[in-house]
2 protein chains.
Amino acid sequence: MALEHAILVSLLEKPGSGYELARRFERSIGYFWTATHQQIYRVLKRMEDDGWVDARTVPQQGRPDKKEYSVADLGRAALSSWLHDPIEPESVRHDLAVKIRGAAFDDPVALIREVERHRQAHRDRLARYLAGEARDFAAPDSSAPDPAPPDAERELQHVVLRGGIAYERMMIDWLDDVLATLAGFGPDR
Amino acid sequence: MALEHAILVSLLEKPGSGYELARRFERSIGYFWTATHQQIYRVLKRMEDDGWVDARTVPQQGRPDKKEYSVADLGRAALSSWLHDPIEPESVRHDLAVKIRGAAFDDPVALIREVERHRQAHRDRLARYLAGEARDFAAPDSSAPDPAPPDAERELQHVVLRGGIAYERMMIDWLDDVLATLAGFGPDR
DNA sequence: AGGGCCATGTAATAAGTTACATGATTGT
DNA sequence: ACAATCATGTAACTTATTACATGGCCCT
């Protein structure tokens, strides 16, 4: 499983509490991994027991204390070992595709609204990703005399974000195709 | 969860045994849903208990008997009700993306082989899908005097397959992008 | 004789979801 | 007063994965 590894990567990028991790999983990490806070707290505790992460309590003003986690040597080693282990290309799970094929045995036209909802959700996500890209990865000024050396962390974050963007674009195009197909069974033909 | 519904759709398309379903999940259904035989047998049993499917034992020559399942009225109703229920746009889980961001804290160049393996797996899948499309959904002869009426089952299967094809193409392009990015951290620069 | 396919399952473990629970602060 | 946000967690339940298990037929 990769939740532990996703947490390690996120903590290496920046230490934080379980709550903060949960928020990151809602945002930037959300386009390649999801997890709820319950799951994160449970895994975090196990990782602390296993010595993969260190915790320290940070007092705050006007807010409850938080436990800030950072990656320990053992965690770094575990991540490295996982990175060198080949994994199988992951399998997809598309509820919506099941619905589309199932619609043949029900009312295909009734599915149009649902597909439109999904299309809108993907358009929203695409807009968020593009805004994030413009904010965090603006094109460097090529006329600048001193181009920065390649920063692995930043460039790898960017290429993963470009994957999210490509995915959302593909989905929007495909859902347009689905809508055109569903319209072919419309009441007026 | 949609495994039960995926099974219902598959059995509506064609009745079959647990074993046959497992093979379909490896093939055509595999590009939008995966399940192992263990899972399928367990769910199938529950569905039989709930009266969603009927089973009959089919004796075979030179092979063990099989239990052929088909969808009962209750199952059809359950599918229909699920189809009319909105679902949330699904969340993605990409182990490989975790690895790519994690590589910033290890050796990015070491990841190249892994990414290449994945790229090849997606190329293989794309080739399989395209072959399946050519076999099952050849373009109709537009000069034929009597164009067949739209067949919902067939057209919906086709549009889902086109989704699988679009997904694989997107992944291949993205992995090319990832490889180009990783090469930027090569030993010779 | 050995490997692969057909066919069905159980058992144990891991992972993920949903519901419940608490309690302070900040904004409306 | 009420809702939202910060912050952490437990408990119960559902799903999914991995390993184990059986047994006959077909082909080489």
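Since this is a predicted model, take the numbers as computed values, not measurements. Just so we're on the same page: letters track the sequence lines, and every chain starts at 1.
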Do B:S70 and B:V53 have side-chain heavy atoms sitting under 4.5 Å apart?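 Result no, sub-4.5 Å side-chain heavy-atom pair not found.
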For residues B:D136 and B:H158, is any side-chain donor paired with an opposing acceptor at under 3.5 Å?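 No, no side-chain donor-acceptor pair sits under 3.5 Å.
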Strictly below 4.0 Å: does [X] bring a side-chain N or O up to OP1 or OP2 of [N]?
X     : N      : result
B:K45 : C:dT10 : yes
B:R93 : C:dG16 : yes
B:S17 : C:dT8  : yes

Would B:Y129 and B:Y31 count as a close aromatic pair, with their ring centres under 6.0 Å?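 Centroid distance B:Y129-B:Y31: below 6.0 Å, so yes.
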Round to a whole Å and report the spacing from [atom1] of [X] to [atom2] of [N].
X     : N      : atom1 : atom2 : value
A:F25 : D:dA7  : CZ    : C1'   : 17 Å
B:Y41 : C:dT10 : OH    : C1'   : 13 Å
B:L3  : C:dG16 : CG    : C1'   : 15 Å
B:I40 : D:dT15 : CD1   : P     : 15 Å
B:R56 : C:dA7  : CZ    : C1'   : 17 Å
B:E68 : C:dA7  : CD    : C1'   : 14 Å
B:R23 : C:dG4  : CZ    : P     : 15 Å
B:R46 : C:dT10 : CZ    : P     : 14 Å

Between [options], which nucleotide gets closest to the side-chain atoms of [X]?
X     : options               : value
A:E20 : C:dA7, D:dA7, D:dT18  : D:dA7
A:Q39 : D:dT8, D:dA16, C:dT17 : C:dT17
B:Y19 : C:dA7, C:dG9, D:dT8   : C:dA7
B:T36 : D:dG9, C:dT17, D:dT17 : D:dT17
B:K67 : C:dT8, C:dG16, D:dT17 : C:dT8

Is any N or O donor-acceptor pair between the side chain of B:R42 and the base of D:dT17 shorter than 3.5 Å?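 Present.
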Quick one: on DNA chain C, does A:A35 or B:G18 contact a more 5' nucleotide (nearest heavy atom)?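 Counting from the 5' end, the first nearest nucleotide belongs to B:G18.
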Can you tell me if A:Q60 uses its side chain to pair, donor with acceptor, with the backbone of A:P64 under 3.5 Å?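 Yes; judged by distance alone, with no hydrogens or angles, the pair exists.
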Are the side chain of A:H118 and the backbone of B:I87 linked by a donor-acceptor contact shorter than 3.5 Å?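 Judged by distance alone, yes, a pair lies under 3.5 Å.
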Is the B:H5 ring parallel, tilted or perpendicular to the B:W52 ring (thresholds 30°, 60°)?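 Ring orientation, 0 to 90° scale: tilted.
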In 5'-to-3' order, the base (B), backbone-only (S) or no-contact (-) status of each nucleotide in nucleotides 19-28 of chain D, using a 4.0 angstrom heavy-atom cut-off, is B---B-S---
Could A:E116 and A:R113 be called an ion pair, given the rule that one side-chain N must be under 4.0 Å from one carboxylate O?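 Salt bridge between A:E116 and A:R113, a charged N being under 4.0 Å from a carboxylate O: no.
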Any salt bridge between B:R123 and B:E168, counting N to O under 4.0 Å?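 Salt bridge between B:R123 and B:E168, a charged N being under 4.0 Å from a carboxylate O: no.
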